[in-house]
**Student:** 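Before anything else, here's the structure in question.
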Amino acid sequence: MENHKITRIRVQTTTSNQIEVKNLSHAYQTRRALDSVSFSVSCGEIFGLLGPNGSGKTTLFRILSTLMPVTSGTVCVLGHDLTTEVKAVRSLLGVVFQHPGLDGKLTVVENLRHHGHLYGLAGKSLRYRISELLERFGVADRAKERVELLSGGLQRRVEIAKAMLHSPRILLLDEPTSGLDVVGRRQLNDYLGALADTENILVLLTTHLLDDAEVCNRVGVLDAGKLVALGEPDELKAQVSGDVVLIECIDNEVLCAEMTERFDVSPVLTDNLLRVECERGHEFVRDLVAAFPDEIQSVRFGKPTLEDVFTKLTGNPFF
Ligand code: ADP
Ligand code: MG
């Protein structure tokens, strides 16, 4: 399957094809889990909410999936207010939770059939829809196997097929790639990309994995309940200038002072590494090592990643 990262969406943005979140806040007793978060996502987009553990992803996911009420701010889903039109919103949503929602003792088809019945689907049309979805998610040949015998990656795809049974226009997924190996993650991301692309579905997923965010059309970066960045992955990375150099040394404070004096750079200490953004990083690394040969233990250098974006915006390492 082709890589969908390169797909650039051209969608008309109107409230009727968008999720619009405005100034959404949420607190558990005194703990603030979301702090005035605003963003919108359009049909045809695959949007990733990226953030470290505890940043508020699941809280936002629970509110969007109507499991928790909006207590402050507004959410509008394809033109329907999430507070006053919960039923209308629910019919538009397919939801995949972080913890598996399949019955392992039942076969793939049985799981889907039961779910279809809950949505009032039956008979020939249900059979047709199930086989169409199993085909689409590459699990048709496993249809009659018990779910517990499938790999984690295949189970996740069956879950997505299940969430898509009633033909929702929006697919919400909480950490869909957690527990999957690299290949399983890549395949899943490709399937989700294809879904957004070919069916004009709005796919909103949460992840704490930077690789997952790279395949999204746009990402929103959450840190401690605040949306600290919003945009296309490449756009966000372009905010970090030039190259990123990470230096491990014997004494951070001493080297930081000496470097600042000698070179035109502003090192930042994160996670016990000195981090420098600069143009022509390769030349800087050469000059740096020549200038402080005894103080530097190792130097890493590369193009900015989303991790660098997060570190730049929050001053914290991403984990
Ligand atoms: P994430 O999914 O990004 O890991 P969560 O939305 O689960 O983040 O959590 C955000 C914050 O809210 C964390 O500080 C977490 O400890 C807190 N939190 C989450 N659920 C509850 C709850 N039911 N009661 C109290 N605090 C909670
Ligand atoms: Mg979570």
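Ligands are counted one by one from 1 in listed order, and the atoms in each one are counted from 1 as well.
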**Student:** Under 3.5 Å, is there a donor-acceptor pair between the Asn17 and Ser42 side chains?
**Tutor:** no

**Student:** With a cut-off of 4.0 Å, which atoms of ligand 1 are near a heavy atom of Ser55?
**Tutor:** 1 (P), 3 (O), 8 (O)

**Student:** How long is the span from the CD1 atom in Ile130 to the CG atom in Leu134, to the nearest 0.5 Å?
**Tutor:** 7.0 Å

**Student:** Looking only at the side chains, is there a donor atom on one of Glu248 and Ser298 sitting less than 3.5 Å from an acceptor on the other?
**Tutor:** yes

**Student:** Mark up the atoms of ligand 1 that fall under 4.0 Å of a heavy atom belonging to Thr58, in ascending order.
**Tutor:** 1 (P), 2 (O), 6 (O), 7 (O)

**Student:** For atom 10 (C) of ligand 1, which candidate among Gly54, Ala224, Gly51, Ala27 provides the closest heavy atom?
**Tutor:** Gly54

**Student:** Establish, yes or no, whether a centroid distance under 6.0 Å links the rings of Phe47 and Phe39.
**Tutor:** yes

**Student:** Starting from atom 8 (O) of ligand 1, what is the nearest protein heavy atom, named by residue and atom, and what distance separates them?
**Tutor:** Gly56 N, 3.1 Å

**Student:** Between Arg146 and Thr107, do the side chains contain an N or O donor and an N or O acceptor separated by less than 3.5 Å?
**Tutor:** no

**Student:** Quick check on Gly225 - does any of its heavy atoms sit under 4.0 Å from an atom of ligand 1?
**Tutor:** no

**Student:** Provide, to 0.1 Å, the distance between atom 19 (C) of ligand 1 and the closest protein heavy atom, together with that atom's residue and name.
**Tutor:** Tyr28 CE1, 3.4 Å

**Student:** Less than 3.5 Å apart, any donor N or O on the side chain of Ser55 or Asp223 sitting next to an acceptor on the other?
**Tutor:** no

**Student:** Using 2.8 Å as a strict upper limit, say whether an N, O or S atom of Thr58 approaches the Mg ion (ligand 2) that closely.
**Tutor:** yes

**Student:** Please classify the Arg31 to ligand 1 contact at 4.0 Å (heavy-atom distances, strictly less than): side chain, backbone, both or neither.
**Tutor:** side chain

**Student:** If we ignore angles and hydrogens, is there a donor and acceptor under 3.5 Å between the side chains of Ser178 and Arg185?
**Tutor:** no

**Student:** Check whether any N or O atom of Gln29, backbone or side chain, sits under 3.5 Å from an N or O atom of ligand 1, and answer yes or no.
**Tutor:** no

**Student:** Do we see a donor-acceptor contact under 3.5 Å between the side chains of Thr305 and Asp308?
**Tutor:** yes

**Student:** Which of the numbered atoms in ligand 1 are below 4.0 angstrom from a heavy atom of Pro52?
**Tutor:** 3 (O)

**Student:** Under 3.5 Å, N or O to N or O, is Asn53 touching ligand 1 that way?
**Tutor:** no

**Student:** Look at atom 5 (P) of ligand 1 and say which protein heavy atom is nearest, naming residue and atom and giving the distance to 0.1 Å.
**Tutor:** Thr59 OG1, 3.7 Å

